[in-house]
Amino acid sequence: MQVAIDGPASAGKSTVAKIIAKKLSFLYIDTGAMYRACTVIARNHGLDYGDESGILKAIDQDGIELKSENGEQKVYSAGKDISFEIRTPEISANVSQVSALPKVREKMTTLQRQMAGKTDVIMDGRDIGTTVLPDAEVKIFLVASARSRAERRLLDLKQRGIKSDQTVDQIEKDIAARDYKDSHRKVSPLKKADDAIEVDTTSMTIDQVVDRILSEIKKSKKIEENSTK
């Protein structure tokens, strides 16, 4: 079974996807972390964030690997754990530019589909339901106000021990700018799939969002079971 969760930055995609994956024993793939890893690789190689050919070569050289360690997804590149680096403000500010590069997206999409393979998978990102897994049985599109997402981002940075001088207002402005970039890029823009279920998480707790998505997964499973009888 394939579950696709899409939506803008800090809408809660990764948080709920991880919980659901654990509850259902599904493979969890954080595609946003993969694009962030591409951005870290570009920075580490001293490349311009728009240097598509240079970034592709650097990705081939360093590689990107997702590992599950003690129930947590870790991101490795060039043999190093970069899970902390990919969440820093610098990477957040530049990941939209890197993820908009057509051949970088093509490379990551191929890798994501290979990871999905034939196992039960839950994948989150910007274009999962529209491009990466267009045939996913369950498609969710999470949204939330820019303000609430900014507050969540600031809290997340503090919990991760990442220092930031940004205020909530500045983060909200950055998030709005990223929303625009993600939804207006030429290749695989952020948009809701026609058959996706929209869930506004602004006033919802994590548990409420998880329960809402689990109910849709259960519904889909019942439909599948009935269709095979």
Side-chain angles (χ1 to χ4, degrees), residues 5-22 28-50 55 58-59 62-101 104 108 123-126 142-182 190 201-202 204-207 209-210:
I5 301 181
D6 290 304
S10 298
K13 303 183 299 295
S14 298
T15 301
V16 298
K18 287 175 188 174
I19 295 169
I20 292 168
K22 193 170 183 180
Y28 166 61
I29 300 173
D30 180 354
T31 64
M34 295 171 72
Y35 286 107
R36 285 173 174 272
C38 294
T39 310
V40 168
I41 289 170
R43 186 204 62 192
N44 289 349
H45 282 259
L47 299 168
D48 183 278
Y49 291 119
I55 293 172
I59 292 169
D62 291 0
I64 296 170
E65 191 177 1
L66 302 183
K67 295 181 181 180
S68 180
E69 297 178 1
N70 300 317
E72 288 286 320
Q73 181 183 262
K74 297 291 185 180
V75 184
Y76 282 79
S77 182
K80 180 186 173 187
D81 182 354
I82 59 169
S83 306
F84 180 87
E85 286 181 72
I86 66 171
R87 303 296 172 185
T88 57
E90 180 191 351
I91 300 306
S92 294
N94 292 288
V95 64
S96 286
Q97 185 176 357
V98 174
S99 63
L101 299 172
V104 170
M108 291 301 105
M123 193 181 290
D124 73 275
R126 303 286 190 283
L142 294 185
V143 296
S145 69
R147 187 68 178 187
S148 68
R149 287 186 283 138
E151 290 168 350
R152 290 173 191 172
R153 171 65 61 81
L154 188 59
L155 179 62
D156 182 56
L157 290 174
K158 286 179 180 177
Q159 289 176 339
R160 292 176 185 271
I162 299 172
K163 292 181 180 179
S164 175
D165 296 326
Q166 287 183 303
T167 63
V168 174
D169 288 339
Q170 290 171 324
I171 294 174
E172 182 179 1
K173 186 178 178 182
D174 288 347
I175 280 176
R178 185 168 179 195
D179 286 350
Y180 184 85
K181 289 177 187 174
D182 289 346
L190 165 67
T201 69
T202 302
M204 296 175 74
T205 65
I206 291 170
D207 287 342
V209 179
V210 168

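Computed from a predicted structure; not experimentally measured.
In this structure, a donor-acceptor pair under 3.5 Å is present between the side chains of Ser148 and Ser145. There is a side-chain donor-acceptor pair under 3.5 Å between Asp81 and Ser83.
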What verdict does the side chain to side chain donor-acceptor pair (under 3.5 Å) test give for Thr201 and Arg152, after you've listed the backbone C-alpha separation in whole Å, the side-chain angles of each residue and the deciding distance to 0.1 Å?
CA-CA 11 Å; Thr201 69; Arg152 290 173 191 172; 3.1 Å; yes
Please assess Ile41 against Val98 for the test side chain to side chain contact (heavy atoms under 4.5 Å, CB included), listing each intermediate value before the final yes or no.
CA-CA 10 Å; Ile41 289 170; Val98 174; over 6 Å; no
Side chain to side chain contact (heavy atoms under 4.5 Å, CB included), that's the test. Do Ser14 and Gln73 meet it? Break it down for me.
CA-CA 10 Å; Ser14 298; Gln73 181 183 262; over 6 Å; no
Side chain to side chain contact (heavy atoms under 4.5 Å, CB included) assessment of Phe84 paired with Ile162
CA-CA 8 Å; Phe84 180 87; Ile162 299 172; 3.4 Å; yes
I would like to know whether Asp174 and Gln166 meet side chain to side chain contact (heavy atoms under 4.5 Å, CB included); could you show each step before the answer?
CA-CA 10 Å; Asp174 288 347; Gln166 287 183 303; 2.4 Å; yes
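Considering only heavy atoms from C-beta on, Val210 comes within 4.5 Å of Ile20 through its side chain. Using a 4.5 Å cut-off on side-chain heavy atoms (C-beta onward), Asn44 and Val40 make contact. Using a 4.5 Å heavy-atom threshold, the side chains of Lys181 and Ser99 count as separate. Put simply, the side chain of Gln97 does not reach to within 4.5 Å of the side chain of Thr39, judged on heavy atoms.
Although no hydrogens or angles enter the test, the distance criterion places a donor-acceptor pair under 3.5 Å between the side chain of Ser77 and the main chain of Gly63. Judged by distance alone, with hydrogens and angles left aside, the side-chain atoms of Lys13 form a donor-acceptor pair with the main-chain N or O of Gly7 at under 3.5 Å. At least one donor-acceptor pair under 3.5 Å links the side chain of Gln170 to the backbone N or O of Thr167.
The line from CD of Gln159 to CG of Leu154 is 10.0 Å long, rounded to the nearest 0.5 Å. The distance from the CD1 atom of Ile5 to the CG atom of Leu142 is 6.0 Å, given to the nearest 0.5 Å. Atom CZ of Arg36 is separated from atom CD1 of Ile91 by 8.5 Å, given to the nearest 0.5 angstrom. Separation of atoms CZ (Arg87) and CZ (Arg160) is listed at 5.0 Å; rounding is to 0.5 Å. In this structure, NZ in Lys74 is found 12.5 Å from CG in Leu66, a value given to the nearest 0.5 Å. Atom-to-atom distance recorded for Cys38:SG and Leu47:CG is 12.0 Å, nearest 0.5 angstrom.
Salt bridge status for Lys80 with Glu85: present, with a side-chain N to carboxylate O gap under 4.0 Å. Salt bridge status for Arg147 with Glu172: present, with a side-chain N to carboxylate O gap under 4.0 Å. Between Arg126 and Asp182, at least one side-chain N (NZ, or NE/NH1/NH2) sits under 4.0 Å from a carboxylate O, which counts as a salt bridge. Taking 4.0 Å as the cut-off between side-chain N and carboxylate O, Asp156 and Arg149 do not count as a salt-bridged pair.
Here the shortest heavy-atom pairing between Val75 and Ala37 reads CG1-CB, 3.9 Å. In this structure, Ala33 and Ile86 approach most closely via the heavy-atom pair CB-CD1, 3.8 Å. When all heavy atoms of Pro8 and Asp179 are compared, the pair lying nearest together is CB-OD1, 3.3 Å.
Partners of Glu90 by salt bridge (charged side-chain N to carboxylate O under 4.0 Å, His left out), not counting sequence neighbours, listed by chain and number: Arg43. Listed by chain and number, the residues in a ring-ring contact (aromatic ring centres under 6.0 Å, His included) with Tyr180 are His184 (sequence neighbours excluded).
Atom CG of Leu155 sits in a crowded spot, with more than 12 heavy atoms from other residues, nucleotides or ligands closer than 6.0 Å.
Judged by the 6.0 Å and 45° rule, Lys22 forms no cation-pi pair with Tyr28.
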